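Single-structure report; data block below.
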Protein chains: 2
Amino acid sequence: MAKKTRMTKQRKAILKILKNTKIHPTADWIYEKVRAEIPNISLGTVYRNLNVLAESGKIKVLDYGSNHSRYDGNPEQHYHFRCEKCGRVYDLELDFGLNLNKKINSETGFIANSHRLEFHGICPECQQKN
Amino acid sequence: MAKKTRMTKQRKAILKILKNTKIHPTADWIYEKVRAEIPNISLGTVYRNLNVLAESGKIKVLDYGSNHSRYDGNPEQHYHFRCEKCGRVYDLELDFGLNLNKKINSETGFIANSHRLEFHGICPECQQKN
DNA sequence: GTAGGTGCAAAATTTTTGCATCCAA
DNA sequence: TTGGATGCAAAAATTTTGCACCTAC
């Protein structure tokens, strides 16, 4: 079962800041913000709480499943599938025939030049290993 | 105009490795691989070349436009738009009514639990500043 | 009361950079 | 020939962690 957690004032403050911004900030930005409220909070605490909050599903981390950048030798439009078990990232050959960029351009004020679509789940190989 | 670049053996080897793998490796993985061919290549050269190759569009970097992790206070399904000019990441309220996960599950051997969709382009504010 | 959390600082990791030298065009 | 590229090492930047003390439950 999941480990017990406490809602400390530090954790509460970090969560509140994150819920009240749209800018998807970095840990350091959050650290600066939260220091207005808790001046002697440490950056380590910010990182620890972000990890705890992400594990419990209260927030999302926008990375690629690791702290490293990952590089893709195929610059063409294609979609990815990341296996939640083994961590591998597959290319998907599927083309849904979606013209998502055009949809954005016609339905919003944004001008989209490209998009990235990534699925998360279990790959065929890990399904067998079950 | 774009700066001139040379196709050194180091750059060629890195590009070849990246074109011949599907795993979207980290810089360190590439470094280990390329050392089989060029034993005294340095990690700095690998990073420099990955950046050059990405700038010229020959490869893609799978990150969020910075070297930091970014955190999202909204764990619900929603899409993102990243502005290529100011770097901001917006939430898109749009729902295309796509059931992409189901499509994956029925058309491939992958089991998708979730997906992430992110558009890149120019935000309304930066369009005005033109 | 106590297990989980914090602050601090040191360490680990990842990425960039200065510089003398080298080499692709 | 020469300006871009490399190797090396040091530095910068980001994230994690050990430890003694603190506090939410």
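Here is the naming used below: chain letters follow the sequence lines, and residue numbers restart at 1 for every chain. All of these numbers come straight from a predicted model, not from anything done at the bench.
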Taking salt bridge (charged side-chain N to carboxylate O under 4.0 Å, His left out) as the definition, give me every residue that meets it alongside R6(A), ordered by chain and number, with sequence neighbours left out. none
Under the rule for salt bridge (charged side-chain N to carboxylate O under 4.0 Å, His left out), what residues qualify as partners of K9(A), not counting sequence neighbours? none
Minimal non-hydrogen separation, [X] against [Y], with atom names:
X      : Y      : result
A13(A) : V34(A) : CB-CG2, 3.7 Å
K16(A) : E37(A) : NZ-OE1, 3.4 Å
I30(A) : P25(A) : CG1-CG, 3.7 Å

Going through the distances and angles, do Q10(A) and I41(A) end up as a side chain to side chain contact (heavy atoms under 4.5 Å, CB included)? CA-CA 7 Å; Q10(A) 289 87 345; I41(A) 195 173; 3.7 Å; yes
[X] [atom1] to [N] [atom2], straight-line distance once rounded to whole Å:
X      : N       : atom1 : atom2 : answer
L43(A) : dC8(C)  : CG    : C1'   : 12 Å
K4(B)  : dT2(D)  : NZ    : C1'   : 10 Å
I14(A) : dT15(D) : CD1   : C1'   : 14 Å
K12(A) : dT23(D) : NZ    : P     : 14 Å
L15(B) : dA5(D)  : CG    : P     : 14 Å

What's touching nucleotides 21-24 of chain C from the protein side, N or O pairs under 3.5 Å?
from, atom 1, to, atom 2, distance (Å)
dC23(C), O2, R6(B), NH1, 3.1
dA24(C), N3, R6(B), NH1, 3.4

Could you check which residues of residues 44-56 of chain B get a heavy atom under 4.0 Å from DNA chain D? Sort them by number, please. T45(B), R48(B), N49(B)
In residues 28-35 of chain B, which ones come under 4.0 Å of DNA chain D, going by heavy atoms? none
Contacts under 3.5 angstrom, residues 43-53 of chain A side chains, donor-acceptor by atom type, not counting sequence neighbours:
from, atom 1, to, atom 2, distance (Å)
T45(A), OG1, S42(A), OG, 3.1
N49(A), OD1, R11(A), NE, 2.4
N49(A), OD1, R11(A), NH2, 3.0
N49(A), ND2, T45(A), O, 3.1
N51(A), ND2, Y47(A), O, 3.4

Co-membership, hydrophobic cluster, residues Y31(B) and I59(B), 4.5 Å side-chain: yes
Treat each ILVMFWY residue as a node, draw an edge where side-chain heavy atoms are under 4.5 Å apart, and state whether Y90(B) and I111(A) are in one component. no
Within a strict 4.5 Å, meaning less than it, do heavy atoms of the I17(B) and W29(B) side chains meet? yes
Under 6.0 Å between the ring centres of F119(B) and F110(A)? no
Considering heavy-atom distances to DNA chain D, does T5(B) or N40(B) have its closest nucleotide positioned more toward the 5' end? T5(B)
If you check every side-chain atom of I41(A), which of dG4(D), dG7(D), dG7(C) has the closest atom? dG7(C)
